[in-house]
There are 2 protein chains.
Amino acid sequence: MEAKSQSHERKTCPAETALKAISGRWKLFIWGELLTGVKRFGELQRSLNGITQKMLTQQLREMEEDGIIHREVYLQIPPKVEYSLTPLGESLKPIIDAMHEFGTQL
Amino acid sequence: MEAKSQSHERKTCPAETALKAISGRWKLFIWGELLTGVKRFGELQRSLNGITQKMLTQQLREMEEDGIIHREVYLQIPPKVEYSLTPLGESLKPIIDAMHEFGTQL
DNA sequence: CGGAATCCTATATGATACTG
DNA sequence: CAGTATCATATAGGATTCCG
C-alpha cells in the first residue's frame, strides 16, 4: 500500500512535492502546535479542535514520512508518544511565514 | 454557488488561505507558464500536457478569483482570451522558489 | 494512551460531448 | 477558440467501533 505514489505518470516538480507535504486539512495546524515545542498525541488532539484520532494519526504519519516531524515512542504502560519538528520541519518557518503574509492579502 | 466556503466553521488561517490558493492539480504549472509571459488559453492547454479544457478553465477561474491571474477577453471572432500573472501572482515567486528548494530535500 | 479497522460522505479530478 | 454541461472515478476527510 505504498511506494507507488504517482500512478499515471507526470513529471514531479519539487515545488509540488513540497506543497503536498504541507497540504492536508490539519498539517499546518499540527506544524504550528509543534513549533511551540514537543507534544504528546493527546495534547495535539486537544489542541486541534475537532480532529479525530484517525486523522491525527494519518496526518502525523504522512508528516513523519516526509521528514517534517519526529515520532518518539516510550515503551511503557500506559503508552506515551511524543511528536516534535525535525530541523527540516523547522526550516518550513520562512515559507509558512511568507504564506501567512501572502494569505492576508487574499 | 459561492460565498459560503467554510460550511462547518473553523478559524481560517491566512497561511491556509494562501495554501489553498496554490493547491490544485495544475495551478503551480499554470503559474509557471504565466511566469514566462502572457499566454492564450490554447497555448496553456498545449503546454500543460494532459490537462482537459474543463480543468484548465476551472483552475484559471479559481486563480482569477484569488487575484493571482488576470483574464483579458478580446471580443472578436474567433474568440481570444489572454491570461497573465497579476502583481500579487508574481509576488508568489519567492514563496514558490522556497518551496521548490525545500522540495528538493524531500 | 495511542492507536488500527471499517464504513461512509465530500470534494477533486477526469472523459466526453456540445456550443456561441 | 475558448469555453459549458454532464457523468464517472479517484482521493481526502470523517464517524464509529475495537484493541494492546
Side-chain angles (χ1 to χ4, degrees), chain A residues 1-2 4-10 12 16 19-30 33-34 38-66 69-84, chain B residues 1-2 4-10 12 16 19-30 33-34 38-66 69-84:
Chain A
M1 250 71 119
E2 26 83 325
K4 47 182 64 175
S5 303
Q6 55 271 50
S7 39
H8 43 297
E9 300 306 328
R10 202 178 49 142
T12 50
E16 195 183 17
L19 192 58
K20 284 184 180 175
I22 52 177
S23 291
R25 183 77 169 66
W26 304 94
K27 289 185 183 174
L28 237 33
F29 297 98
I30 290 172
E33 284 299 319
L34 295 185
V38 178
K39 294 280 166 61
R40 292 185 60 169
F41 186 89
E43 289 184 275
L44 286 172
Q45 195 178 7
R46 278 186 296 278
S47 302
L48 304 168
N49 218 315
I51 195 173
T52 61
Q53 289 183 321
K54 178 197 161 185
M55 281 308 294
L56 181 52
T57 300
Q58 185 176 304
Q59 305 271 296
L60 285 169
R61 292 292 146 83
E62 290 176 7
M63 293 172 80
E64 190 189 358
E65 278 182 35
D66 287 328
I69 64 175
H70 171 70
R71 179 171 181 259
E72 186 71 37
V73 182
Y74 295 86
L75 289 177
Q76 56 184 52
I77 305 287
K80 174 179 170 181
V81 180
E82 286 184 340
Y83 291 92
S84 57
Chain B
M1 249 72 122
E2 27 83 323
K4 48 181 63 178
S5 303
Q6 55 270 52
S7 39
H8 43 294
E9 300 305 326
R10 203 179 47 144
T12 50
E16 196 183 17
L19 192 58
K20 285 183 180 176
I22 52 177
S23 291
R25 184 77 170 65
W26 304 94
K27 289 185 182 174
L28 237 33
F29 298 98
I30 291 172
E33 284 299 319
L34 295 184
V38 178
K39 294 280 165 61
R40 293 185 60 171
F41 186 90
E43 289 184 275
L44 285 173
Q45 195 179 6
R46 279 186 295 279
S47 301
L48 304 167
N49 219 314
I51 195 172
T52 61
Q53 288 180 321
K54 177 196 162 185
M55 280 308 294
L56 181 53
T57 300
Q58 186 176 303
Q59 305 270 297
L60 285 169
R61 291 293 146 83
E62 290 176 7
M63 293 171 81
E64 189 189 0
E65 278 181 35
D66 287 327
I69 64 175
H70 171 71
R71 178 171 181 258
E72 186 71 36
V73 182
Y74 296 87
L75 289 176
Q76 57 184 50
I77 306 287
K80 172 179 172 181
V81 181
E82 287 184 339
Y83 291 92
S84 56

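Sequence lines set the chain letters: A, B, ... in the order given, protein chains first and strands last, and positions in each chain run from 1. All heavy atoms count here, side chains included; hydrogens, waters and symmetry mates do not.
Considering only the side chain of Pro78(B), dC1(D) comes nearest among dC1(D), dC1(C), dG3(C). Picking from dA15(D), dG3(D), dG14(C) the nucleotide with the shortest atom distance to the side chain of Thr52(A) gives dA15(D). Proximity note for Lys54(B) (side chain, C-beta onward) versus dA15(C), dG2(C), dC1(D): the nearest is dA15(C). Checking dG3(C), dT13(C), dC1(C) against every side-chain atom of Gln58(B), the shortest atom distance belongs to dT13(C). Of the candidates dT16(C), dG3(D), dG2(C), dG3(D) carries the atom nearest the Gln53(B) side chain, counting heavy atoms from C-beta on.
At a threshold of 4.0 angstrom between heavy atoms, the contacts of Glu82(A) with the nucleic acid are absent. Within 4.0 Å (heavy atoms only), Glu43(B) reaches no atom of the nucleic acid at all. Across all strands, Pro79(A) comes closer than 4.0 Å to base atoms (heavy-atom distances).
In the helix from dC1(C)-dG20(D) to dG20(C)-dC1(D), the end axes, each obtained as the rotation axis mapping the C1' atoms of four pairs onto the next four within a five-pair block, lie 50° apart to the nearest 10 degrees.
One interatomic measurement links the two molecules: NZ of Lys20(B) to P of dA10(C), which rounds to 16 Å at whole-angstrom precision. One interatomic measurement links the two molecules: CG of Asn49(B) to P of dT13(C), which rounds to 18 Å at whole-angstrom precision. Per the geometry, CE belonging to Met55(B) stands 16 Å off C1' belonging to dT6(D), to the nearest Å. One atom, NZ of Lys39(A), and another, C1' of dG2(C), lie 17 Å apart when rounded to the nearest Å. As rounded to whole Å, 12 Å separates atom C1' of dA10(D) from atom CZ of Arg25(B). Going from atom CD1 of Ile77(B) over to atom C1' of dG20(C) covers 7 Å, rounded to whole Å. In this structure, Phe41(A) atom CZ and dC19(D) atom P are separated by 18 Å, rounded to whole Å. Computed from coordinates, the Gln59(A) CD to dA12(D) P distance equals 10 Å when rounded to whole Å.
Every residue was checked against the side chain to side chain donor-acceptor pair (under 3.5 Å) condition with Glu64(B), not counting sequence neighbours, and none meets it. Under the rule for a salt bridge (Lys or Arg N to Asp or Glu O under 4.0 Å), the partners of Glu82(B) that lie at least two apart in sequence or sit in another chain are Lys80(B).
How far OG of Ser47(A) is from CG of Leu34(A): 9.5 Å, rounded to the nearest 0.5 Å.
Side-chain atoms of Phe41(B) and Leu60(B), non-hydrogen and from C-beta on, do get closer than 4.5 Å to each other.
Annotation: salt bridge (Lys or Arg N to Asp or Glu O under 4.0 Å) contacts involving residues 38-47 of chain A, sequence neighbours excluded, comprise Glu33(A)-Lys39(A). Listed by first and then second residue, the side-chain hydrogen bond (donor to acceptor under 3.5 Å, both in side chains) pairs that reach into residues 52-63 of chain B are Lys27(B)-Glu62(B), sequence neighbours excluded.
For Tyr83(A), no side-chain nitrogen or oxygen approaches OP1 or OP2 of dC1(C) to under 4.0 Å. The side chain of Arg61(B) contributes an N or O atom lying less than 4.0 Å from OP1 or OP2 of dG3(D). OP1 or OP2 of dG14(C) has at least one side-chain nitrogen or oxygen of Trp26(B) nearer than 4.0 Å. Between Gln76(A) and the phosphate of dC1(C), there is no side-chain N or O to OP1/OP2 separation shorter than 4.0 Å. Of the side-chain N and O atoms in Arg40(B), none sit less than 4.0 angstrom from OP1 or OP2 of dC1(D). Note on Arg46(B): every side-chain N or O is 4.0 Å or more away from OP1 and OP2 of dA2(D).
Here the closest heavy-atom approach between residue Leu48(A) and residue Leu56(A) is recorded as CD1-CD1, 4.1 Å. In terms of heavy atoms, Ser84(A) sits closest to Val38(A) at CB-CG2, 3.9 Å.
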